[in-house]
Colleague: 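I have a structure I would like to understand better, so I am pasting it below and will then ask my questions one at a time.
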Amino acid sequence: MRFDPVGDPKPNEECGVFGVWAPGEEVAKLTYYGLFALQHRGQESAGMAVSNGDRIMVFKDMGLVSQVFDEPTLNSLTGHLAIGHDRYSTTGASVWKNAQPTFRSTHNGGLALAHNGNLTNTEELEAWLRSRDEHAKIIAKDSMDSTNDTSLVTALLATFPGTTWDAALNVLPRLEGAFCFTFMDSSALYAARDPQGIRPLVLGRLERGWVVASETAALDIVGATFIREVEPGELIAIDSGGLRSVRFAEANPKGCLFEYVYLARPDTVIADRRVHSVRVEIGRTLAMEAPVDADLVIPTPESGIPSAIGYAEASGIPYGLGLVKNSYVGRTFIEPSQTIRQLGIRLKLNPIRDVIEGKRLVVVDDSIVRGNTQRALVKMLREAGAAEVHVRISSPPVEWPCFYGIDFATRAELIAPGMSTEEICRSIGADSLAYISLEGLVASTGVPKRRLCRACFDGQYPLPVPAGVAEEMRLNVQQEETDE
């Protein structure tokens, strides 16, 4: 089993996707490095599909990229194009059969697909799949072996007898929710992004080929030059004839605001701005909105570092490293003893007593989900001698679940919907607590509010959520109002 010693994991993004078309290059190794660069987006399983022009070979397994692939395996995956996938499950269990890429036989050979995001109209799509011809019904039955929306899309694409391009143009307009796809047949690489562009997807150029990836950091790692973002509602195909593109839907950009807060790597570029620079600006804004008299600003590593730097710059309070992170505790299958359970957060973070003892601290973190981590962190800092602990959060309160590919807790499990900031402050034992405002966060990104998905903060979903879920959420809100 996977163990979180504190019981309050950070929100997890569903996946990272990568694709490369590069005749003459070792595409399996390029994909390996690309997935390595995207490992932060998914740590449950990894896989890739490689084509040599005649057949598609798929290799995937549970675990990190470095655990799934070794040198002999990569050397056996030869070809001129490949797609790859890092998975964190939000739809479908964390089991081997749900690892990606998915594969289906088609009228023209085979099709492999990798997906980042989450579809919201799967029931409608399943009905459509079952309504197609007899061949489609066989594929539909096969698709039920997996419990994720990726297999459903792969099965739908496989039911069309024409080219993969034509199949995609039939299927993509019917999909609702957040999706970034890299997919392939034996000769071509394809990429597509939902009309809202909720999850990121970028296009890069190699000397002898092309790359698509979830983040620009993956392009940097494989030596590709960033060309542009894949546009919302765009389908791209790359083969021996070059690159071609078409709009399958009108663009209505709603990029995920939480990418700037936590999900994306700090060295990634989104909407022409480096994420690190945005996070520093978020810290500056937070310092102006929530000042406090203190002696030292410290981050919660690693995600709190840029905003803590910005907070220190704007406030004039010195910045310091007060916590050391163990980088190797993020994924473990060892059942902890009761003693280790009690140590909790110390498995991940350890205070530097000489730095923090006697100091009034500003502790900058990216978000509060359930509050367990912050509660344990404040307690640990006080035990290490901190005179005061003031917590500053570089995102607004997370009050709503995400249906577009982030594994937030349910609304009932989140701490913010049921408690005021003052109550949360008392709950975690801090001397003060403040969040950045939604307006301040949006302004720090430089992206207009109307072009951002902010649903986890304000409940304004850019796309309909599943009907049953929407009714449950409505009842929960009514219950909260009654309780108040």
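Only a predicted model underlies this, so the values are computations on that prediction, with no experimental measurement involved. Just so you know, these numbers use all the heavy atoms, side chains as well, and skip hydrogens, waters and symmetry mates.
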Colleague: Is Ser45 reaching over with its side chain to a backbone N or O of Met62, donor-acceptor style, under 3.5 angstrom?
Modeller: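 No; zero donor-acceptor contacts below 3.5 Å.
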Colleague: Test the Arg454-Trp400 pair against the cation-pi criterion, namely NZ or CZ under 6.0 angstrom from the six-membered ring centroid and within 45° of the ring axis.
Modeller: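 No, Arg454 does not lie over the aromatic ring of Trp400.
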Colleague: Starting from the C-alpha separation in whole Å, work towards a yes-or-no answer on side-chain contact (heavy atoms from CB on, under 4.5 Å) for Met184 and Ser51.
Modeller: CA-CA 8 Å; Met184 60 185 285; Ser51 173; 3.4 Å; yes
Colleague: Let me see the working for Arg208 and Glu25 under salt bridge (charged side-chain N to carboxylate O under 4.0 Å, His left out), right down to the final yes or no.
Modeller: CA-CA 8 Å; Arg208 295 189 291 179; Glu25 300 284 356; 3.3 Å; yes
Colleague: If only side-chain N and O atoms count, and only distance matters, is there a donor-acceptor pair under 3.5 Å linking Gln43 with Asp86?
Modeller: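 There is no such pair between these side chains.
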Colleague: Once the angle between the rings of Tyr461 and Tyr404 is folded into 0 to 90°, is it parallel (under 30°), tilted (30 to 60°) or perpendicular (over 60°)?
Modeller: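 The arrangement is perpendicular - the two ring planes meet at more than 60°.
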Colleague: With a 4.5 Å cut-off on side-chain heavy atoms, are Ser151 and Phe103 touching?
Modeller: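 No, side chains not in contact.
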Colleague: Answer whether the closest heavy-atom distance between the side chains of Met48 and Leu74 falls below 4.5 Å.
Modeller: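 Contact flag for Met48/Leu74 side chains = yes.
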Colleague: What verdict does the side-chain contact (heavy atoms from CB on, under 4.5 Å) test give for Leu219 and Thr225, after you've listed the backbone C-alpha separation in whole Å, the side-chain angles of each residue and the deciding distance to 0.1 Å?
Modeller: CA-CA 7 Å; Leu219 303 183; Thr225 302; over 6 Å; no
Colleague: Is the closest side-chain heavy-atom distance between Arg41 and Arg199 below 4.5 Å?
Modeller: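 Result yes, sub-4.5 Å side-chain heavy-atom pair found.
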Colleague: Tell me whether the count of non-hydrogen atoms from other residues, nucleotides or ligands lying under 6.0 Å of CD in Glu26 goes above 12.
Modeller: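 For Glu26, atom CD is not crowded (no more than 12 foreign heavy atoms under 6.0 Å).
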Colleague: Tell me, yes or no, whether the heavy-atom count around Arg273 atom CZ, taken from other residues, nucleotides or ligands under 6.0 Å, exceeds 12.
Modeller: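 Check passes, neighbour count above 12.
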Colleague: Report the C-alpha separation of Glu302 and His40 in whole Å, then their side-chain angles, then the decisive distance to 0.1 Å, and conclude whether the side chain to side chain donor-acceptor pair (under 3.5 Å) test is met.
Modeller: CA-CA 12 Å; Glu302 301 287 334; His40 60 290; over 6 Å; no
Colleague: Once salt bridge (Lys or Arg N to Asp or Glu O under 4.0 Å) is applied, what residue pairs with a partner in residues 63-75 remain, sequence neighbours excluded?
Modeller: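 Sorted pair list: Lys29-Glu71.
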Colleague: For the pair Arg274 (side chain) and Asp267 (backbone), establish whether a donor and an acceptor sit closer than 3.5 Å, ignoring hydrogens and angles.
Modeller: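 Answer holds: yes.
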Colleague: Could you check Arg244 against Ile236 for side-chain contact (heavy atoms from CB on, under 4.5 Å), going step by step and ending with a plain yes or no?
Modeller: CA-CA 6 Å; Arg244 65 188 189 276; Ile236 287 174; over 6 Å; no
Colleague: So, taking the atom named CG in Asp149 and the one named NE2 in His115, what distance separates them when rounded to the nearest 0.5 Å?
Modeller: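 It is 5.0 Å, given to the nearest 0.5 Å.
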Colleague: If we ignore hydrogens and angles and just use 3.5 Å, is the side chain of Lys325 paired with the main-chain N or O of Leu349 as donor and acceptor?
Modeller: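 Side chain of Lys325 to backbone of Leu349, a donor-acceptor pair under 3.5 Å: no, none is there.
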Colleague: Can you pull the salt bridge (Lys or Arg N to Asp or Glu O under 4.0 Å) pairs that have at least one residue in residues 46-57, sequence neighbours excluded?
Modeller: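 As it turns out, there is no salt bridge (Lys or Arg N to Asp or Glu O under 4.0 Å) pair with a partner in residues 46-57 once direct neighbours are skipped.
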Colleague: Would you mind listing every salt bridge (Lys or Arg N to Asp or Glu O under 4.0 Å) that reaches into residues 112-124, with sequence neighbours excluded?
Modeller: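 Found none.
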Colleague: Going by heavy atoms in the side chains, are Leu441 and Tyr260 under 4.5 Å from each other?
Modeller: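 They are not in side-chain contact.
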Colleague: Would you find more than 12 non-hydrogen atoms of other residues, nucleotides or ligands less than 6.0 Å from Arg450 atom CZ?
Modeller: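 Not more than 12 within 6.0 Å, no.
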Colleague: Hey, are the side chains of Phe18 and Val212 touching, using non-hydrogen atoms and a 4.5 Å cut-off?
Modeller: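 A side-chain contact is absent here, since even the closest heavy-atom pair is not under 4.5 Å.
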Colleague: After noting the C-alpha distance and the side-chain angles of Val50 and Thr31, does the key distance pass the side-chain contact (heavy atoms from CB on, under 4.5 Å) rule?
Modeller: CA-CA 9 Å; Val50 181; Thr31 302; 5.9 Å; no
Colleague: Side chains of Asp239 and Ser187: is there a donor and an acceptor less than 3.5 Å apart?
Modeller: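 Looking only at side-chain atoms, Ser187 and Asp239 do not form any donor-acceptor pair under 3.5 Å.
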Colleague: Taking the six-membered ring for Trp, are Tyr190 and Phe181 closer than 6.0 Å centroid to centroid?
Modeller: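 Distance test on ring centres: not under 6.0 Å, no.
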Colleague: Answer whether the closest heavy-atom distance between the side chains of Arg174 and Leu125 falls below 4.5 Å.
Modeller: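 Contact flag for Arg174/Leu125 side chains = yes.
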Colleague: Are any of the side-chain heavy atoms of Val222 and Val20 separated by less than 4.5 Å?
Modeller: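 No - every pair of side-chain heavy atoms lies 4.5 Å or more apart.
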Colleague: Do other residues, nucleotides or ligands put more than 12 heavy atoms under 6.0 Å from the OH atom of Tyr33?
Modeller: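 Open.
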Colleague: Between Asp185 and Thr164, is the side chain to side chain donor-acceptor pair (under 3.5 Å) condition met? List the steps.
Modeller: CA-CA 7 Å; Asp185 52 32; Thr164 304; 2.8 Å; yes
Colleague: Can a side-chain donor-acceptor contact be found between Thr285 and Ser444 if the only test is distance below 3.5 angstrom?
Modeller: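 Their side chains do contain a donor-acceptor pair, which is all the 3.5 Å distance test asks for.
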Colleague: Any sub-3.5 Å donor-acceptor pair from Glu229's side-chain atoms to Leu203's backbone N or O?
Modeller: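 Answer holds: no.
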Colleague: Evaluate the side-chain proximity of Val275 to Arg279: yes if any heavy-atom separation is below 4.5 Å, no if none is.
Modeller: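 Yes; the side chains approach each other to less than 4.5 Å.
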Colleague: Would you say Glu281 and His276 are linked by a side-chain donor-acceptor pair, where the criterion is simply a distance under 3.5 Å?
Modeller: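 Result is no, nothing qualifies.
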